[in-house]
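Note sheet for the following structure.
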Amino acid sequence: MKVAVIGAGLAGSEAANLLVKNQIPVDLFEMKPKKFSPAHKLAGFAELVCSNSLKSMRESHPQGILKRELLAFNSIIIKNALLARVPSGDALAVDRSLLSQQVTQELLRHNNLRVITDEVTHIPAGYDYLIVSTGPLTSDSFSEYLKNLLGMESLYFYDAIAPIIDASSIDFKELFFGSRYGKGGDDYLNIPLTKDQYMDFVNALRTAEKTELRPFEKPKYYEGCLPIEVLAERGIDTLAFGPMKPVGFDEKQAGFKPYAVIQLRKEDSAGSSYNMVGFQTKLTIKEQDRI
């Protein structure tokens, strides 16, 4: 049996690992590090791009149940995510570089895995089975091939980026640590806002310049991961009851009753940078800096 897995992201790495552990030889096609998409930065497999969070680990939550089930099947992603974990309450957030490094090293130890470092531009011939796991960051040439193969109307993608803050730029004296929605430990850095500060912030988001949509993007949103400016447009208090909800800490820590909070989560094990939680956005870099 000959099997090809195209793309060594989270899904491709998981699929390749499951096959080779069951003594099925795999050719794993991955264009990195020969070629990178605009969003990829790491040379290894299993690179998380949008956020470093894999969401809840709570056994009472569907996301947590899924992770427990994956662990029972010795998932290479979840197993290594736990080893690369950074403090994030009951969520599973990871050091992206460490996760990628660990998954890559583990996969490369398999003798029946052959890695082909090249861009795939069409479905390769000579295989009994193929798994296409290139995801939303498929290269332009392979995307065009898939469009022609499946029909233009079958594919659409909408991208948003999650801002990351350099820890050296943060005035920690003005902030305090707390939990996320009162769950887990005090792993999140909180920026408390008064009502006036919050209103100014929302108005700035509503009037900010956004990046232009690319030809393959359509403004059809996944409700579980909405751009911050889209939430702001839905109502003046939408953010205060969503990702900026001021709960999970003692108000004495803030020194006043915050109308809203911006929460930051460690991006890496060393705490050299922080992720703005729930702040995926299509704002231009210039506007992000200004706001």
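Along the sequence shown, residues carry numbers from 1.
- A heavy-atom distance below 4.5 Å is found between the side chains of I6 and P124.
- Sorted by first and then second residue, the salt bridge (Lys or Arg N to Asp or Glu O under 4.0 Å) pairs with a member in residues 14-29 read D27-R114; sequence neighbours excluded.
- A heavy-atom distance below 4.5 Å is not found between the side chains of V94 and L98.
- Checked by atom type and distance alone, the side chain of Q288 pairs as donor or acceptor with a backbone atom of L283 at under 3.5 Å.
- S133 has its side chain within reach of V5: a pair of non-hydrogen atoms, C-beta onward, lies under 4.5 Å apart.
- Looking at Q197, its side chain does come within 3.5 Å of a backbone N or O of T194 through a donor-acceptor pair.
- For K79, the NZ atom is densely surrounded, since the number of other residues' heavy atoms within 6.0 Å is greater than 12.
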Original post:
Do S51 and Q280 pass the side chain to side chain donor-acceptor pair (under 3.5 Å) test, and can you show the C-alpha distance, the side-chain angles, and the key distance before you say yes or no?
Top reply: CA-CA 8 Å; S51 169; Q280 50 278 356; over 6 Å; no
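- No side-chain donor-acceptor contact under 3.5 Å links K183 to the backbone of R58.
- Hydrophobic clustering (ILVMFWY, side-chain heavy atoms < 4.5 Å, transitive): V103 and V115 are in one cluster.
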Could you pull out all donor-acceptor pairs under 3.5 Å where a side-chain atom in residues 185-193 meets a protein atom, sequence neighbours excluded?
unit_1	atom_1	unit_2	atom_2	d
D187	OD2	S88	N	3.3
D187	OD2	G89	N	2.7
Y188	OH	S88	O	2.9
N190	OD1	Q263	NE2	2.7
N190	ND2	F176	O	3.4
N190	ND2	Y188	O	3.1

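- Under a 3.5 Å cut-off, the side chain of N52 and the backbone N or O of K266 do form a donor-acceptor pair.
- Side-chain contact check for L82 versus M57: some heavy-atom pair is nearer than 4.5 Å.
- Contact of the S53 side chain with the L92 side chain is not registered, since no non-hydrogen atoms from C-beta on lie closer than 4.5 Å.
- E30 contributes no side-chain N or O that, together with a main-chain N or O of G7, makes up a donor-acceptor pair within less than 3.5 Å.
- Between I170 and I165 there is a side-chain heavy-atom pair separated by less than 4.5 Å.
- Here the side chains of V20 and P25 are not in contact, with every heavy-atom distance at 4.5 Å or above.
- Contact between I131 and A15 at its shortest, heavy atoms only, is CD1-CB, 3.9 Å.
- Under a 3.5 Å cut-off, the side chain of S100 and the backbone N or O of R96 do not form any donor-acceptor pair.
- For the residue pair F172 and A167, the shortest heavy atom distance occurs at CE1-O, 3.6 Å.
- Counting only distance, with no hydrogens or angles, the side chain of Y198 and the backbone of I236 share a donor-acceptor pair below 3.5 Å.
- Counting non-hydrogen atoms of other residues, nucleotides and ligands closer than 6.0 Å to CZ of F73 gives a total of 12 or fewer.
- Transitive grouping of hydrophobic side chains (ILVMFWY, heavy atoms separated by less than 4.5 Å) brings Y145 and V120 into a common cluster.
- Checked by atom type and distance alone, the side chain of R85 pairs as donor or acceptor with a backbone atom of A91 at under 3.5 Å.
- In this structure T121 satisfies the side-chain contact (heavy atoms from CB on, under 4.5 Å) test together with E119, S141, sequence neighbours excluded.
- Between the side chain of Q63 and the backbone N or O of S56, at least one donor-acceptor pair lies under 3.5 Å.
- More than 12 heavy atoms of other residues, nucleotides or ligands shown are found within 6.0 angstrom of NZ on K210.
- Listed by first and then second residue, the side-chain hydrogen bond (donor to acceptor under 3.5 Å, both in side chains) pairs involving residues 246-260 are D237-Y259 (not counting sequence neighbours).
- Applying the salt bridge (Lys or Arg N to Asp or Glu O under 4.0 Å) test to every pair with at least one member in residues 39-50, sequence neighbours left out, gives these pairs: K32-E47.
- Without hydrogens or angle criteria, D268 side chain to S272 main chain gives a donor-acceptor distance under 3.5 Å.
- Proximity of M31 to T117: side-chain heavy atoms (C-beta onward) are nowhere separated by under 4.5 Å.
- Heavy atoms from other residues, nucleotides or ligands lying under 6.0 Å from CG of D166 number more than 12.
- With sequence neighbours left out, K2 forms a salt bridge (Lys or Arg N to Asp or Glu O under 4.0 Å) with no residue at all.
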